[in-house]
Amino acid sequence: MKHGDRASWSGQLAFVLAAAASAIGLGNLWRFPYLAAKYGGGVFIATYLVLSMTLGIVLLVTEIAIGRYARQSQSTAFMTLGFGRWNFIGILATVIPLFIMPYYNVIGGWVVRYLAAYAKLAFGGGAGAIADPGAFFEGFIAAPWAPFVAMAVFTAMSMVVIVMGVKNGIEKANLVMMPTLLVMAIALAVYVATLPGAGEGIRYYLVPDFSKCGSIGKVFLGAMGQMFYSLSLAMGIMITYGSYMRRTDSVKKSAVRIVGADTFVAVLSGFMVIPVVIMFDPASVETAGAGLMFVSLPKIFASLGAAGPWIGLVFFTLVLFAALTSSISMTEACVAAVCDFFHWKRRPSIAAVGVWTVALGAVSAFGYGRWKAFSPCGLPALEFFDSAMNILTPVVAALTCVFAGWALGPKRILAECRRDGSRGPSRVFNVFYIVMVRFVAPILVAAILVSEICRVFKIGGWSI
Ligand code: PFF
């Protein structure tokens with residue numbers, strides 16, 4: 001692709017919406033509420049707010065500025081900036097979405113399946129397949145073909161948007177899905193607040209409970225790991241999306257808005273999820289992962305009587321939109337990386353990424369059923385890929401900080417922030433940015449890396 005041909009967003013709002021759409025995903029809907037419940041409610045929420053407004057903004061500004069400065073996706077941005085020997089960071093940052101996307105799409109497929117089940121229940125009536133959510137979930141993920149077909153359907157949905165391009169596809173899809181998601185989330189949170197007994201759950205969620213949060217280090221690490229995943233950092237996405245950003249738009253203001261939107265939806269999700277779980281199934285409040293979304297919540301929906309199928313339908317529609325917009329961003333980061341690296345045109349790059357996603361996705365999709373025997377490190381394929389990527393992500397984030405802080409230099413990043421013609425960020429922010437990117441961020445990110453290694457290899461008792 002020639003330099004001048006590079007796609008671009010139609011404006012700052014489109015960019016912010018796209019980056020926020022990437023950030024707002026499954027992580028906001030189930031992981032944030034679960035971590036808040038586990039780590040003392042308000043204690044976790046406050047820690048998360050402080051971290052995302054400081055470290056989160058610094059890391060976002062860094063990635064967006066690198067992308068816009070280089071006008072390249074992550075695969076070639078580091079090389080383009082004149083430091084060929086740092087290009088391995090770009091390769092690693094490309095490997096991450098290439099490996100995350102296939103299994104993220106498998107989970108997206110589960111959401112498609114649940115949505116179909118609730119649509120049938122809401123419009124068709126009857127007990128439906130989902131009357132016993134535990135058995136439904138177990139049966140579905142181990143079925144011979146269903147998880148693969150669902151993943152392929154979900155992948156096709158995101159590919160259609162990518163084929164339509166940055167302005168006509170991604171921008172327009174976000175314009176429909178994101179406001180709808182927000183309205184549905186607010187409506188559900190309000191509905192939950194009106195249920196008798198909701199007050200106790202809201203209190204559980206918001207009031208700081210220091211006795212439950214364990215060590216402050218754990219809360220801190222939990223909040224930091226969540227922030228990384230939630231802001232789609234170290235996956236090349238913000239570099240690629242930054243490379244489509246106009247020079248006249250503000251990097252810092254955009255970063256603040258992206259963090260604000262992502263955090264707002266995360267906190268809102270807690271209002272949607274925690275009170276109902278506390279009311280109907282308090283034992284499962286700390287259930288991590290798939291169990292909460294695919295088993296506990298459907299059990300609760302089943303106990304809501306006639307409203308249940310409709311609540312399920314709205315809930316899984318919003319989950320689908322959140323997952324789809326995040327998957328679209330990963331797909332775009334992969335497609336752009338292939339285009340820039342191999343100098344291929346967009347269509348063949350999309351085809352290559354599509355084939356890769358379905359092929360590798362099959363390994364995770366069949367991993368609980370027909371290919372169960374393939375269990376690297378004793379884990380189902382999906383969980384293995386997830387653990388491996390959870391280790392690689394902080395590695396790339398730390399390297400990106402070292403690159404920006406010491407090789408490229410924070411002044412170049414800050415100069416890119418001033419290119420919109422304004423006086424740029426304040427002097428206080430400049431000093432804050434330099435200290436953070438050079439010293440604080442690499443150390444904090446290294447701490448998450450250690451904790452992830454401890455968690456995956458079950459070392460010690462302090463990993464989150
Ligand atoms: N940020 C998304 C979430 O919170 O669910 C998840 C995500 C998006 C992860 C994009 C990875 C990614 F590349």
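In listed order, ligands and their atoms are each counted from 1. This chain uses plain numbering: 1 for the first residue, then up along the sequence. Atom set for the values below is all heavy atoms of this structure, side chains included, hydrogens, waters and symmetry mates excluded.
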>> Distance under 4.0 Å, heavy atoms only, partner ligand 1: which residues pass?
In response: Ser22, Ala23, Gly25, Leu26, Gly27, Asn28, Tyr104, Tyr229, Ser230, Ser232, Met235, Ile237, Ser326, Met330
>> Distance alone, cut at 3.5 Å: any donor-acceptor contact between the side chains of Tyr69 and Arg412?
In response: yes
> Residues in salt bridge (Lys or Arg N to Asp or Glu O under 4.0 Å) with Arg113, at least two apart?
Replying inline: none
> Cationic tip of Lys218 within the cone over Tyr39's six-membered ring, i.e. under 6.0 Å and within 45° of the normal?
Replying inline: no
> Could Asp262 and Arg257 be called an ion pair, given the rule that one side-chain N must be under 4.0 Å from one carboxylate O?
Replying inline: no
Name every donor-acceptor pair, under 3.5 Å, that has one atom in a side chain of residues 10-22 and the other anywhere in the protein, sequence neighbours excluded.
unit_1, atom_1, unit_2, atom_2, d
Ser10, OG, Glu171, OE1, 2.6
Ser10, OG, Glu171, OE2, 3.4
Gln12, OE1, Ser250, N, 2.9
Ser22, OG, Ser232, OG, 3.0
Ser22, OG, Ser329, OG, 2.8

Which pairs of donor and acceptor atoms, one on a side chain in residues 269-280, lie under 3.5 Å apart (sequence neighbours left out)?
unit_1, atom_1, unit_2, atom_2, d
Ser269, OG, Asn28, O, 3.2
Ser269, OG, Val265, O, 2.7

